[in-house]
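Have a look at the structure below, then the notes.
All heavy atoms count here, side chains included; hydrogens, waters and symmetry mates do not.
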Amino acid sequence: MALTPDAFDLSVRDTIMPVVPFFHANGWSIVFSAPMSGCKLVLPGMKLDGVSVYELLEAEKVTMTAAVPTIWLMLLAHMEANNFKLSTLRRVLIGGSACPRAMIEKFEKNYGVTVAHAWGMTEMNPVGSICAIKPDYDARRFRKILD
């Protein structure tokens with residue numbers, strides 16, 4: 001399920017970097033999905049601050065990544081403070097807690113990165129749900145519904 005187009009949408013052309021521990025549900029889904037799809041898997045190690053995450057995203061040409069909102073707040077703050085852009089990142093998966101609307105808008109409007117919100121549990125093996133917007137709801141219609 002994680003490899004479907006409306007979920008991770010991974011292929012041999014992708015590089016994925018999970019910024020989540022492997023004991024976390026999202027970590028398990030990525031560590032198995034990456035080899036199944038043939039994509040490159042980048043492991044960030046212990047440095048999860050905005051500077052380190054940004055440098056690794058760019059150096060490894062990451063196309064998809066996943067983390068909790070706290071990680072993305074540090075990354076976005078670092079990028080905004082230094083006027084940086086993301087050259088290869090196309091998709092961000094956010095889980096663990098509710099994602100602020102402003103964060104989604106920054107990723108999508110300022111950096112051209114699609115955001116998906118996910119929920120899961122280890123007991124679910126592990127993906128429970130991933131938010132995918134249906135084609136019927138373009139950005140304008142979706143924004144009107146939320147407002």
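- Pro69 and Pro100 make their closest contact through CB-CD, 4.4 Å (heavy atoms, listed as atom of the first residue, atom of the second, distance).
- Heavy atoms only, all atoms of each residue included: His117 and Ser97 are closest at NE2-O, 3.1 Å.
- Between atom SG of residue Cys39 and atom CZ of residue Phe8 there is a gap of 10.0 Å, rounded to the nearest 0.5 Å.
- The two residues Ala66 and Trp72 make their nearest non-hydrogen contact at C-CZ2, 3.8 Å.
- Glu55 has no carboxylate O lying under 4.0 Å from a charged side-chain N of Lys47, or vice versa, which leaves the two without a salt bridge.
- Note that NZ of Lys61 is 12.0 Å distant from CG of Leu56, once rounded to the nearest 0.5 Å.
- Considering only heavy atoms from C-beta on, Ile30 comes within 4.5 Å of Leu41 through its side chain.
- The aromatic rings of Phe84 and Tyr54 lie parallel to each other, with less than 30° between the two planes, well short of the 60° mark.
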Sequence neighbours excluded and cut-off under 3.5 Å, please list the side-chain donor-acceptor pairs for residues 13-21, or say none.
from  : atom 1 : to    : atom 2 : distance (Å)
Asp14 : OD1    : Thr63 : OG1    : 2.8
Asp14 : OD1    : Arg90 : NH2    : 2.7
Asp14 : OD2    : Ser11 : N      : 2.9

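- Here the shortest heavy-atom pairing between Glu58 and Lys85 reads OE2-O, 3.9 Å.
- Listed by chain and number, the residues in a side chain to side chain donor-acceptor pair (under 3.5 Å) with Ser52 are Asp49 (sequence neighbours excluded).
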(message) Evaluate Thr65 against Leu93 for side-chain contact (heavy atoms from CB on, under 4.5 Å), listing each step before the verdict.
(response) CA-CA 6 Å; Thr65 184; Leu93 187 66; over 6 Å; no
(message) Would Phe107 and Leu76 count as a side-chain contact (heavy atoms from CB on, under 4.5 Å) here? Give the steps.
(response) CA-CA 8 Å; Phe107 269 118; Leu76 290 169; 4.0 Å; yes
(request) Check the pair Arg91, Leu10 against side-chain contact (heavy atoms from CB on, under 4.5 Å), reporting the backbone distance first and the verdict last. (result) CA-CA 10 Å; Arg91 293 183 312 281; Leu10 296 176; 3.8 Å; yes
(request) For the pair Lys106 and Glu80, evaluate side-chain contact (heavy atoms from CB on, under 4.5 Å) and give the outcome as yes or no after the intermediate values. (result) CA-CA 10 Å; Lys106 278 185 186 179; Glu80 289 172 358; 3.0 Å; yes
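- Val51 and Val42 are members of different hydrophobic clusters when ILVMFWY side chains are connected at heavy-atom separations under 4.5 Å.
- By the criterion of side-chain heavy atoms lying less than 4.5 angstrom apart, applied directly or through intervening Ile, Leu, Val, Met, Phe, Trp or Tyr residues, Val12 is not grouped with Leu89; the two fall into different hydrophobic clusters.
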